[in-house]
Enquirer: 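This is the structure I have questions about; it appears just below.
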Amino acid sequence: MKTNQNRLLPIIYGSLVMTFLYLTPILNFVNLLCCAGVILGAAVGVITYNKQIKNTDMELSVKDGGIIGFLCGLLSGILTTVIYLTLIMFSNINPISEALPLLEKLNLNFNQNEMSVVNKISEEISRSGFSLTFSVYMFVYHLIGFTIFGFLGGLLTSTLIRKSNLKKIKNL
Amino acid sequence: MEKKVYYIFLTLSCLWLGLIVLAPVLKQIGGFSLIISRFIYDFFSVSCHQIDSRSYFLWGNKLAVCSRCFLIYIGFVTGALAYPLISKKKKFTDIPSIWILLTAVLLLFTDAVLDISGILPNSFTTRAITGFLTGFVLTFYLIPGFTLFFTEIKSILKRKKKNEN
């Protein structure tokens, strides 16, 4: 029996589900419920890992679940940012100019200095489809959000699986 | 160890909720605080739609998340505060039946789906009740999860240290 399992495949599966649910129109509404899509992706990762170790001497630990969820979030944060930025690069969409009216609606007005920075980023995107500042900003936000909710999703799923495994052992 | 993890969990939950309320407060103060406020709003935009008509306002500025998300986090903190009282006789690693969590999530999901599909529009009250319930229930699964996570990490580190010696 195998005693050591590769965690890479579950992490890839989980992060692909997260990315798909985050970038697909209509389906991405699920993320408006406290990043439920990210939590779901982490759950897929942990369930895949649990299936993988079913026929081994290993038992799913909450530590593994948390780490898998966290890594799924990390990978998906990178993937989402890369795909999102690529889509911006090869389309005529300028997210800054689209977001400005929304920010105005929120009453989050910029002062002159800030506005000049925002305009500079917007011009960069309009001209070449890419802005380093904007890319770093997106990357950091995705990374923080995805890893937090991914970790929570992994933790929750592994805790539930552990309980059901313990129940099965008790019933034997 | 269990109590330590619990207090860390409680502190983090309170900090998270504090950030949500801090955003409109900082916006009200203005000046440099406005920049921090904008960062907080941006950060929460990853997980929430932040629509005006579905949010609570503080001094004319809306909170960093919508009413449903806000009540989920309120429920979360309330659940964390109530946890030691409710699970007095149980261990910190015991979790309730999965059906309790599924029922709460299903209620929240149904409330959202019925509204999106236009079958039954929801209200602040339904969003608040379903959100609070989900947040409250979720704590009883996440605190044991956190406790187990840190206990396992600690035992691995202990084993490593023992092997080194």
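Each chain gets a letter, A, B and so on, in the order the sequences are listed, and its residues count up from 1.
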Enquirer: Can a donor-acceptor pair be found between the side chains of Asp64(A) and Ser61(A) at a distance below 3.5 Å?
Expert: yes
Enquirer: Return the set of residues passing ring pair (Phe, Tyr, Trp, His ring centres under 6.0 Å) with Phe134(A) (not counting sequence neighbours), or none when no residue passes.
Expert: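 Not a single residue meets the ring pair (Phe, Tyr, Trp, His ring centres under 6.0 Å) criterion with Phe134(A).
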Enquirer: Suppose we call two aromatic rings close when their centres sit under 6.0 Å apart. Are Phe70(A) and Phe149(B) close by that rule?
Expert: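 No, they do not, as the ring centres are separated by 6.0 Å or more.
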Enquirer: Apply side-chain contact (heavy atoms from CB on, under 4.5 Å) to Tyr73(B) and Ile20(B), showing your working.
Expert: CA-CA 9 Å; Tyr73(B) 299 129; Ile20(B) 293 166; 3.2 Å; yes
Enquirer: Mind checking what makes ring pair (Phe, Tyr, Trp, His ring centres under 6.0 Å) contact with Tyr141(B), not counting sequence neighbours?
Expert: none
Enquirer: Does anything in residues 126-137 of chain B pair up under side chain to side chain donor-acceptor pair (under 3.5 Å), and if so which pairs, sequence neighbours excluded?
Expert: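 Sorted result for residues 126-137 of chain B: Ser67(B)-Arg127(B), Asp111(B)-Thr126(B), Asn122(B)-Arg127(B).
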Enquirer: Does either side chain, that of His142(A) or that of Thr81(A), offer a donor lying less than 3.5 Å from an acceptor on the other one?
Expert: yes
Enquirer: Heavy-atom pairs under 4.5 Å with chain A - which of Phe109(B), Phe44(B), Trp16(B) has more of them than the others?
Expert: Trp16(B)
Enquirer: So which bits of residues 19-31 of chain A come within less than 4.5 Å of chain B, counting non-hydrogen atoms only?
Expert: Tyr22(A), Asn31(A)
Enquirer: Check each atom of Ile148(A) against the heavy atoms of chain B and say whether the ones under 4.5 Å are side chain, backbone, both or neither.
Expert: side chain
